[in-house]
Number of protein chains: 2
Amino acid sequence: MATAPPPPSDTAHLDAQELRAWRGLLRTYARLTKALDAELEAAHGLPLSSYEVLMLIADAEGGQMRMHDIASSILLSRSGLTRLVDRLERDGLLCRKSCSSDARGAFACLTPKGRDVLDAARAAHLAGVRAKFLDHFSPAEQEQLGGFWERVAST
Amino acid sequence: MATAPPPPSDTAHLDAQELRAWRGLLRTYARLTKALDAELEAAHGLPLSSYEVLMLIADAEGGQMRMHDIASSILLSRSGLTRLVDRLERDGLLCRKSCSSDARGAFACLTPKGRDVLDAARAAHLAGVRAKFLDHFSPAEQEQLGGFWERVAST
DNA sequence: AAGCTGTGGTTGCACACGCAACTGCTCGCG
DNA sequence: CGCGAGCAGTTGCGTGTGCAACCACAGCTT
């Protein structure tokens with residue numbers, strides 16, 4: 001049984017400007033990720049989620065990263081990441097390494113092939129991100145957007 | 001890390017401000033939709049995608065809408081929408097109606113129960129959207145965000 | 001040292017989604 | 001009139017993901 005929470009009751013609708021700000025986010029995200037994912041997949045056979053993982057690891061210290069840290073960085077469940085890393089390992093793009101200081105842990109680190117694939121994909125993908133998103137904003141606006149996200153994230 | 005004047009044509013990396021603007025979007029979207037979906041699901045047993053469909057139909061002329069139009073509005077594949085509507089119909093929240101002017105088409109329209117559930121969910125959900133997102137912005141900033149999305153969508 | 005609680009990672013299962021193939025219908029064109 | 005092209009919607013199949021249960025280990029507490 002749904003118990004109605006005590007709402008500020010006469011706010012049953014978003015006004016036009018709220019709607020634009022909110023639904024715009026939803027649509028923009030959906031459109032951009034679909035387009036970029038398709039682009040990446042077509043050009044390098046690499047889904048966006050795999051790309052994110054490879055790039056995260058490549059930019060990490062020592063070219064390796066703990067599973068848990070990867071998962072929380074890209075907001076993926078641990079099981080989801082396990083499977084994703086399974087696929088990347090099967091494709092020879094990265095490999096698991098056990099952690100000497102904590103036997104529970106596992107590192108994921110890039111193989112040479114993984115680094116090659118990533119390097120090939122990175123330029124094209126970043127160009128896509130710029131063309132489809134960043135180029136629509138001035139440097140000042142980009143800075144402002146960054147501040148917006150930080151504000152939202154802070155709660 | 002001082003941002004030297006790197007030519008925006010450095011294709012291999014995003015600079016710090018580009019990164020903040022871009023990854024902020026990804027993370028914000030992921031965090032927000034997960035939180036709002038969980039909230040909605042817990043309070044009214046309604047996933048976010050179902051809510052979107054119900055609301056779209058409720059706000060449409062005559063309380064009904066063609067399948068194709070729904071799908072394109074929420075950027076879902078047609079097959080995905082078929083299954084989603086299957087679930088909603090099974091749960092008694094909406095029903096299919098054949099289209100008299102085009103025998104290929106089908107309308108989805110709310111049942112009384114669907115409208116009740118939606119009305120109950122709407123206030124709580126909108127409050128969540130405001131609390132988690134909109135309230136972080138002044139009216140002027142909301143307006144600006146709306147303009148941003150429009151700019152990105154225009155390509 | 002033994003036990004207990006919490007954490008890192010993997011597995012079983014269910015589910016939502018996309019793609020491609022299919023059905024049934026509409027519409028235009030010869 | 002009939003035929004072919006194309007669209008609306010559904011179905012079969014494969015896949016990516018989350019949740020919950022599980023195992024192995026770390027770090028306390030006693």
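No experiment lies behind these values; they were computed from the predicted model shown.
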Test item: B/K113 side-chain N/O and B/D91 main-chain N/O as donor-acceptor pair under 3.5 Å
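Yes, because the side chain of B/K113 sits within donor-acceptor range (under 3.5 Å) of the backbone of B/D91.
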
Pairing of B/D15 and B/R20 as salt bridge, 4.0 angstrom limit
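No, no charged N to carboxylate O under 4.0 Å.
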
Answer yes or no: is there a side-chain heavy-atom contact under 4.5 Å between [X] and [Y]?
X: A/D37; Y: A/P47; value: yes
X: B/S49; Y: B/L84; value: yes
X: B/E18; Y: B/H13; value: no

A correct 5'-to-3' footprint of nucleotides 18-28 of chain C, with B, S and - meaning base, sugar-phosphate only and no protein heavy atom under 4.0 Å, is BB----BBS--

Only one of B/K132, B/H44, B/H125, B/K34 passes side-chain hydrogen bond (donor to acceptor under 3.5 Å, both in side chains) with B/E39; say which it is.
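Only match with B/E39 under side-chain hydrogen bond (donor to acceptor under 3.5 Å, both in side chains): B/K132.
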
Taking for each residue the nucleotide of DNA chain C bearing the nearest heavy atom, is the 5' side occupied by B/L84 or by A/A106?
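So the residue in question is A/A106.
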
For the CZ atom on B/R115, are there more than 12 heavy atoms of other groups (residues, nucleotides or ligands in this structure) within a distance under 6.0 Å?
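No, because the 6.0 Å sphere around CZ of B/R115 holds 12 heavy atoms or fewer from other groups.
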
Residues 21-30 of chain B side chain polar contacts: donor-acceptor under 3.5 Å, at least two apart:
residue: B/R23; atom: NH1; partner: A/E52; partner atom: OE1; Å: 2.9
residue: B/R23; atom: NH2; partner: A/E52; partner atom: OE1; Å: 3.0
residue: B/R27; atom: NH1; partner: A/S73; partner atom: O; Å: 2.7
residue: B/T28; atom: OG1; partner: B/G24; partner atom: O; Å: 2.6

Rounded off to whole Å, could you give me the [atom1]-to-[atom2] distance for the [X] and [N] pair?
X: A/F107; N: C/dG8; atom1: CZ; atom2: C1'; value: 12 Å
X: A/M67; N: C/dT7; atom1: CE; atom2: C1'; value: 15 Å
X: B/I74; N: C/dA16; atom1: CD1; atom2: P; value: 14 Å

Bounds of contact between DNA chain D and chain B, in 5' to 3' order, using a heavy-atom cut-off under 4.0 Å:
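Contact span on the strand: D/dG6 to D/dG18.
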
